Participant: 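Here's a structure for you.
In this text the structure is predicted, and so the values were computed from the model without any measurement. Whatever order the structure lists them in is the order used to number ligands and atoms, beginning at 1.
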Amino acid sequence: MSITTGDSRGKITSQTLLEKKQRHERITVITAYDYASARLVDEVGIDIVLVGDSLAQVMLGYDNTLPVTVDEMLHHTRAVHRGVKQAFLIADMPYGSYHVDEQSALANAARFLKEGGAEAVKIEGGEKRADLIRRIIDAEIPVCGHIGLTPQSVHVMGGYKVQGKTMNAVEQLMRDAVALDKAGVCCLVLEGIPREVATLITEEVETPTIGIGAGPECDGQVLVFHDLLGLTFHPAAKFVRRYADVGNSIRDAVRAYAEDVKSGAFPSDAESYHLSKETRAALETIAEHKRSLRK
Ligand code: KIV
């Protein structure tokens, strides 16, 4: 067993995240769903890689996050785990995996650590989930909270709407944040809430807050990999900043490839394998012999 004594840009742990908040150093978070994207993100030095259940939409083509299963999430989490060396790895617990009873929630959460290689699980919901989250943390499973616009509640919210816009809603969000902080979450995602509310929560709680559509005062920011790269098929939400147009780069590359195949420009001679001189000569002799027999 080796004992680590700190991180000089080494492995990111929940302790590193807390220290970053205390030093007012912003925390970087991106979702990833497979080995290649995880590896690239990790090599750049992103602090947290989240295997979000948004994979239901961006990877599997569903309309919302509700259909994705624990087994599907685990399949992607294992792939991401193989690509991540330094980042803290969080996996989303999908809808239904922690809603039935405490025993199945605990068993499902444990699978993400044992089978997926995750270092924490993320659970949506505030005050009403605090007891369950405490039990999961008691079972040595770090938990990331997620409040505000919680996509798994899409049917209860009546769509993807900014939350916390009335005084009552703000007070509820504050209670949610404080309850999860007291329960011991290792970080807290604030999604789709007014900047002013996210600022208050970030000042109030000890745990690092990670914003998405929650303004710049959060302790860190998360974006969905496909949104950030322009790899989606719908108009982006207001909070998304596109850093690349990978969708169109892929279209251009595939179009050029198809044209080269059709015209015969691909593959070239340099992209082909060749026989040795001697084998080629021997083959030519046999071919010549066959041709002469046919005459
Ligand atoms: O599923 C997801 O990708 C998420 C992030 C957007 C926070 O929950």
Participant: May I ask you to list the atoms of ligand 1 that are less than 4.0 angstrom from any heavy atom of Ser54?
Facilitator: 1 (O), 2 (C), 3 (O)
Participant: Among all protein heavy atoms in this structure, tell me which lies nearest to atom 8 (O) of ligand 1, with the distance rounded to 0.1 Å.
Facilitator: Lys122 NZ, 2.9 Å
Participant: Can you tell me if NE2 on His274 sees more than 12 non-hydrogen neighbours from other groups inside 6.0 Å?
Facilitator: yes
Participant: Report, in ascending order of atom number, the atoms of ligand 1 lying under 4.0 Å from any heavy atom of Thr31.
Facilitator: 3 (O)
Participant: Need the ligand 1 atom indices (1-based, order shown) with element for anything under 4.0 Å from a heavy-atom of Gly52.
Facilitator: 1 (O), 2 (C), 3 (O)
Participant: In this structure, are over 12 heavy atoms from other groups packed under 6.0 Å from Glu206 atom CD?
Facilitator: no
Participant: Between atom CD1 of Ile136 and atom CZ of Arg129, what is the distance when rounded to the nearest 0.5 Å?
Facilitator: 10.0 Å
Participant: Return a table of donor-acceptor pairs under 3.5 angstrom between the side chains of residues 111-122 and protein atoms on other chains or two or more places apart.
Facilitator:
from   : atom 1 : to     : atom 2 : distance (Å)
Arg111 : NE     : Glu115 : OE1    : 3.4
Arg111 : NE     : Glu115 : OE2    : 2.8
Arg111 : NH1    : Asp71  : OD1    : 3.2
Arg111 : NH2    : Asp71  : OD1    : 2.9
Arg111 : NH2    : Glu115 : OE1    : 3.1
Glu119 : OE1    : Lys11  : NZ     : 3.2
Glu119 : OE1    : Leu89  : N      : 2.6
Glu119 : OE2    : Lys11  : NZ     : 3.0
Lys122 : NZ     : Asp92  : OD1    : 2.8
Lys122 : NZ     : Asp92  : OD2    : 3.3
Lys122 : NZ     : His146 : ND1    : 2.7

Participant: Would you say Glu124 touches ligand 1, if touching means a heavy atom closer than 4.0 Å?
Facilitator: no
Participant: Which distance, rounded to the nearest 0.5 Å, do you find between the CG of Asp138 and the CD1 of Ile133?
Facilitator: 12.0 Å
Participant: Let me have the donor-acceptor pairs involving side chains of residues 54-68, under 3.5 Å, with sequence neighbours excluded, atom names and distances please.
Facilitator:
from  : atom 1 : to    : atom 2 : distance (Å)
Ser54 : OG     : Tyr33 : OH     : 2.7
Gln57 : NE2    : Asp63 : O      : 3.2
Asn64 : OD1    : Leu66 : N      : 3.0

Participant: What protein heavy atom lies closest to atom 6 (C) of ligand 1? Include the residue and the distance to one decimal.
Facilitator: Ile212 CD1, 3.6 Å
Participant: Counting heavy atoms only, which part of Asp53 comes closer than 4.0 Å to ligand 1: side chain, backbone, both or neither?
Facilitator: both
Participant: Tell me which part of Asp92 gets within contact of ligand 1: side chain, backbone, both or neither, using heavy atoms under 4.0 Å.
Facilitator: side chain
Participant: Could you find the nearest protein heavy atom to atom 5 (C) of ligand 1 and give me its residue, atom name and distance?
Facilitator: Leu50 CD2, 3.7 Å
Participant: Flag the pair Tyr243 / Leu229 as yes when at least one side-chain heavy-atom distance between them is below 4.5 Å, and no otherwise.
Facilitator: no
Participant: One residue to check: Leu55. Relative to ligand 1, which of side chain, backbone, both or neither has a non-hydrogen atom less than 4.0 Å away?
Facilitator: neither
Participant: Go through ligand 1 atom by atom and flag the ones less than 4.0 Å from a non-hydrogen atom of His146.
Facilitator: 8 (O)
Participant: Does the side chain of Thr232 come within less than 4.5 Å of Arg242's, by heavy atoms?
Facilitator: yes
Participant: Which part of Thr65 is near ligand 1, with near meaning a heavy atom under 4.0 Å away: side chain, backbone, both or neither?
Facilitator: neither
